[in-house]
Trainee: 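Sharing a structure here in structure tokens format.
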There are 2 protein chains.
Amino acid sequence: MKQEYDQSNILDCPIADVQQIIHGKWAMVVIFYLRDSTLRFGELSRKMPQVTQANLTKELRALEKFGLVHREVYKVVPPKVEYSLTDIGQRFIPVIEALETWAIDYKNTGHVTQ
Amino acid sequence: MKQEYDQSNILDCPIADVQQIIHGKWAMVVIFYLRDSTLRFGELSRKMPQVTQANLTKELRALEKFGLVHREVYKVVPPKVEYSLTDIGQRFIPVIEALETWAIDYKNTGHVTQ
DNA sequence: CCGTATCCAGAGAGATACTG
DNA sequence: CAGTATCTCTCTGGATACGG
């Protein structure tokens, strides 16, 4: 039988909490693309062709649930849905920027992913 | 049959590359604990009681493989193994710090994980 | 003390087809 | 246009036991 443990207080380490929110494979990439502008579902989807619509929807729903992304539905035909970062979502941008800096550094020092 | 695709060039988005490296559940937590000092395996293990030894080993091997963590083995009895951040590993610390700042912000604005 | 070797279960990522 | 609905399948995290 699987052992029970309290996922809400994994460690006295704030990083572990973040992991709860940003564990999706495409979570940070979505935030990356939304940082400058509001995007429609199709626009986002075209920027991330490797992600299926189903998975993109799941990721967006997760980010919405955790309050990082706002979903605005327009009652028009054809349907129009726009995604944008919330306030706390915007405050995540410095993390993305630090990550970008590091990624470039990583490549420039001869490291390779995979 | 599963379709082949090039994982090394997923998107023209540097964040996607980082995801290749930092996808382990405990990767960032390990870096968090190693940022100030070199730690022995047992010390690290005690700081992260939720992680089994097997998984901690796996994560450390992965981080070593990607060049973020250095593993120093002392040929003594009993065995002594020390882990520390490499140069490129140290340069990841700003990301961790940005993440910490955000995590605190996230909680202070009434958000909850889970 | 610091691991390795197995095994298993579940989450999640992908493919595909369909709908208001 | 912007999703659902399924189904599969891999990955990896967790449990447990053993080894130099």
Side-chain angles (χ1 to χ4, degrees), chain A residues 1-7 10-11 16 19-30 33-34 38-66 69-84 113-114, chain B residues 1-7 10-11 16 19-30 34 38-66 69-84 114:
Chain A
M1 187 179 295
K2 189 179 179 184
Q3 192 193 325
E4 286 290 331
Y5 58 93
D6 183 7
Q7 293 212 348
I10 298 184
L11 294 170
Q19 155 69 15
Q20 288 272 87
I21 301 168
I22 311 292
H23 59 15
K25 185 171 179 179
W26 305 106
M28 298 225 254
V29 179
V30 168
Y33 282 120
L34 285 180
T38 293
L39 290 178
R40 296 184 60 170
F41 183 85
E43 293 175 311
L44 208 45
S45 189
R46 255 169 275 122
K47 286 176 185 293
M48 307 165 66
Q50 291 80 358
V51 191
T52 61
Q53 287 193 339
N55 286 331
L56 182 55
T57 300
K58 282 180 204 164
E59 199 60 75
L60 285 166
R61 289 288 189 283
L63 289 170
E64 189 190 4
K65 171 187 158 198
F66 285 117
V69 161
H70 172 69
R71 180 168 178 263
E72 184 75 36
V73 182
Y74 296 88
K75 290 282 182 179
V76 294
V77 181
K80 176 178 172 181
V81 181
E82 285 188 344
Y83 292 92
S84 57
T113 48
Q114 193 176 171
Chain B
M1 187 177 294
K2 190 182 180 185
Q3 192 193 324
E4 285 290 331
Y5 58 93
D6 182 8
Q7 293 211 349
I10 300 184
L11 294 170
Q19 155 70 16
Q20 289 272 92
I21 302 167
I22 310 292
H23 58 14
K25 185 171 179 178
W26 305 106
M28 300 225 255
V29 180
V30 168
L34 285 180
T38 293
L39 290 177
R40 296 184 60 170
F41 182 84
E43 294 175 309
L44 208 45
S45 189
R46 256 169 275 121
K47 286 177 185 291
M48 306 164 65
Q50 292 79 358
V51 191
T52 62
Q53 286 193 339
N55 285 332
L56 183 55
T57 300
K58 284 179 203 168
E59 199 60 74
L60 285 166
R61 288 288 187 282
L63 289 170
E64 190 191 4
K65 172 188 158 198
F66 285 117
V69 160
H70 173 70
R71 179 168 179 262
E72 184 76 37
V73 182
Y74 296 87
K75 290 283 184 179
V76 295
V77 181
K80 174 179 173 182
V81 182
E82 286 187 344
Y83 293 93
S84 57
Q114 193 177 164

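Excluded from the calculations below are hydrogen atoms, water molecules and symmetry mates; all remaining heavy atoms, backbone and side chain alike, are included. This is a predicted model, so every value here is computed, not measured.
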Trainee: Which residues pass the salt bridge (Lys or Arg N to Asp or Glu O under 4.0 Å) test with Lys58(A), not counting sequence neighbours?
Mentor: none
Trainee: Just the rounded figure in Å: distance from C1' of dA13(C) to CE of Met48(A).
Mentor: 13 Å
Trainee: Name all residues meeting the side-chain hydrogen bond (donor to acceptor under 3.5 Å, both in side chains) criterion together with Glu64(A); count only those two or more places apart in sequence or in a different chain, and write none if there are none.
Mentor: none
Trainee: For Leu56(A) and dT16(C), give me the distance from atom CG to atom P, rounded to whole Å.
Mentor: 18 Å
Trainee: dA2(D) P sits how many Å from Leu44(A) CG, rounded?
Mentor: 10 Å
Trainee: Could you check whether any side-chain heavy atom of Leu34(B) comes within less than 4.5 Å of a side-chain heavy atom of Tyr83(B), counting everything from C-beta outward?
Mentor: yes
Trainee: Got a sec, which residues hit side chain to side chain contact (heavy atoms under 4.5 Å, CB included) with Ala62(A), two or more places apart in sequence or on another chain?
Mentor: Glu59(A)
Trainee: Just compare dG13(D), dG3(D), dC2(C) and give me whichever is closest to any side-chain atom of Glu59(B).
Mentor: dG13(D)
Trainee: Between dA15(D), dG20(D), dA13(C), which one does the side chain of Pro79(B) approach most closely?
Mentor: dG20(D)
Trainee: Could you tell me how far apart Gln19(B) (CD) and dA13(C) (P) are, to the nearest whole angstrom?
Mentor: 8 Å
Trainee: Taking the side chain as every heavy atom from C-beta outward, state whether Phe41(B) and Leu60(B) have any pair of such atoms under 4.5 Å apart.
Mentor: yes
Trainee: Checking Glu72(A) now: which residues fulfil side-chain hydrogen bond (donor to acceptor under 3.5 Å, both in side chains) with it, not counting sequence neighbours?
Mentor: His70(A)
Trainee: Do any N or O atoms of the protein come closer than 3.5 Å to N or O atoms of nucleotides 4-6 of chain D, and which pairs are they?
Mentor:
{"residue": "dT4(D)", "atom": "OP1", "partner": "Arg61(A)", "partner atom": "NH2", "Å": "2.8"}

Trainee: Mind checking salt bridge (Lys or Arg N to Asp or Glu O under 4.0 Å) for Glu43(B) and listing every partner two or more places apart, or none if nothing turns up?
Mentor: none
Trainee: When the distance from CH2 of Trp26(A) to C1' of dG14(C) is rounded to whole Å, what number comes out?
Mentor: 11 Å
Trainee: Rounded to the nearest Å, what distance is computed from the CD atom of residue Gln20(A) to the P atom of nucleotide dA11(C)?
Mentor: 13 Å
Trainee: Going by side chain to side chain contact (heavy atoms under 4.5 Å, CB included), name the residues that satisfy it together with Val77(A), two or more places apart in sequence or in a different chain.
Mentor: none
Trainee: Please tell me which of the listed nucleotides, dC2(C), dA15(C), dG13(D), lies nearest to the side chain of Thr52(A)?
Mentor: dA15(C)
Trainee: Tell me: CG of Asn55(A) to P of dT8(D), nearest whole Å?
Mentor: 17 Å
Trainee: What's the CD-P distance between Glu43(B) and dG3(C), to the nearest Å?
Mentor: 13 Å
Trainee: Applying side-chain hydrogen bond (donor to acceptor under 3.5 Å, both in side chains), can you list everything that pairs with Thr52(A), at least two apart in sequence or on another chain?
Mentor: Asn55(A)
Trainee: Base, sugar-phosphate, or nothing for Tyr74(A), non-hydrogen atoms under 4.0 angstrom?
Mentor: nothing
Trainee: Is Lys25(A) near enough to dA11(C) that one of its side-chain N or O atoms lies under 4.0 angstrom from OP1 or OP2?
Mentor: no
Trainee: If you check the His23(B) side chain, which of dG20(C), dC2(C), dT12(D) turns out closest?
Mentor: dT12(D)
Trainee: Need the bend value for the helix from dC1(C)-dG20(D) to dG20(C)-dC1(D): angle between end axes, 5 pairs each end, nearest 10°.
Mentor: 60°
